Visitor: 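Starting off with a structure, shown below.
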Amino acid sequence: EPALIPERVMVCMSSSVDAPRVIRAGARIAGRLGARWYAVYVETPREAPGRISAADRDALQRNLALAEELGATVVRVKADRPGDGLIAFAKREGITHVVFGQSARTRWEILLKGSTLNRFLEEVGDAAVQVIPLGGEKS
């Protein structure tokens, strides 16, 4: 009979003020599964230490601190595009559950343009993907 694959949860982090919802959702899922979980932040050239805005940097620090407090292993990955870094990490670590945040504003745009999420589903085919809708009020 097949060996049991250990559950591993990855939360895709961002500097967004909405990110605590995604982090908490990841913590809950990992808790239910009794799984290790990772909060993964992709540092793109735009968000390099010298270029990221102070507000984004502060929000990111708070989000990373929250993730650690809730038991995540925080991982910073460097990549030109967030999707590349997330997919590479998920494959390397055998991630079984992925948690994304998605703002309502961009949902259609993303589906139409072939998003990080779609690439994920193609390339990390065995992972369960959960998308946490984020505040859609922003115009």
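Everything quoted here is computed from the prediction, not taken from an experiment.
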Visitor: Report yes if the side chains of Arg119 and Arg81 come closer than 4.5 Å at any heavy-atom pair, otherwise no.
Guide: yes
Visitor: Apply side chain to side chain contact (heavy atoms under 4.5 Å, CB included) to Ala90 and list each qualifying residue two or more places apart in sequence or on a separate chain.
Guide: Met10, Ile95, Phe120, Val124
Visitor: Indicate the atoms forming the closest heavy-atom contact of Val22 with Phe100, along with that distance.
Guide: CG1-C, 4.0 Å
Visitor: Can you name the nearest heavy-atom pair linking Ala67 to Val74, along with the distance?
Guide: CB-CG2, 4.2 Å
Visitor: Of the non-hydrogen atoms in Gly26 and Val9, which two are nearest, and what is the gap between them?
Guide: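 Of all heavy-atom pairs spanning Gly26 and Val9, the closest is O-CG1, 4.2 Å.
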Visitor: Can you tell me how far apart CG (Asn63) and CG (Asp58) are? Round to the nearest 0.5 Å.
Guide: 11.0 Å
Visitor: At what distance, to the nearest 0.5 angstrom, does CG of Leu70 lie from CZ of Arg28?
Guide: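 Leu70 atom CG to Arg28 atom CZ measures 10.0 Å (nearest 0.5 Å).
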Visitor: Looking at every heavy atom in both Val98 and Cys12, which two are closest together, and how far apart are they?
Guide: CG1-SG, 3.9 Å
Visitor: Under the side chain to side chain contact (heavy atoms under 4.5 Å, CB included) test, which residues partner Arg51, sequence neighbours left out?
Guide: none
Visitor: Which heavy atom of Met13 sits nearest to which heavy atom of Ala39, and what is that distance?
Guide: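 Reported closest heavy-atom pair: CG-CB, 3.7 Å.
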Visitor: Among pairs that include at least one residue of residues 85-95, which meet salt bridge (charged side-chain N to carboxylate O under 4.0 Å, His left out), considering only residues two or more places apart or in two chains?
Guide: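 Applying salt bridge (charged side-chain N to carboxylate O under 4.0 Å, His left out) to every pair that reaches into residues 85-95, excluding sequence neighbours, yields Arg8-Glu93, Lys91-Glu123.
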Visitor: Testing the basics here: between Ala79 and Asp84, what is the closest heavy-atom pair and its distance to 0.1 Å?
Guide: CB-CB, 4.3 Å
Visitor: How many angstroms lie between atom CG of Leu64 and atom OH of Tyr41, to the nearest 0.5 angstrom?
Guide: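 If we round to the nearest 0.5 Å, Leu64:CG and Tyr41:OH are 8.0 Å apart.
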Visitor: Show your reasoning for whether side-chain contact (heavy atoms from CB on, under 4.5 Å) applies to Ile29 and Trp37.
Guide: CA-CA 9 Å; Ile29 292 165; Trp37 69 289; over 6 Å; no
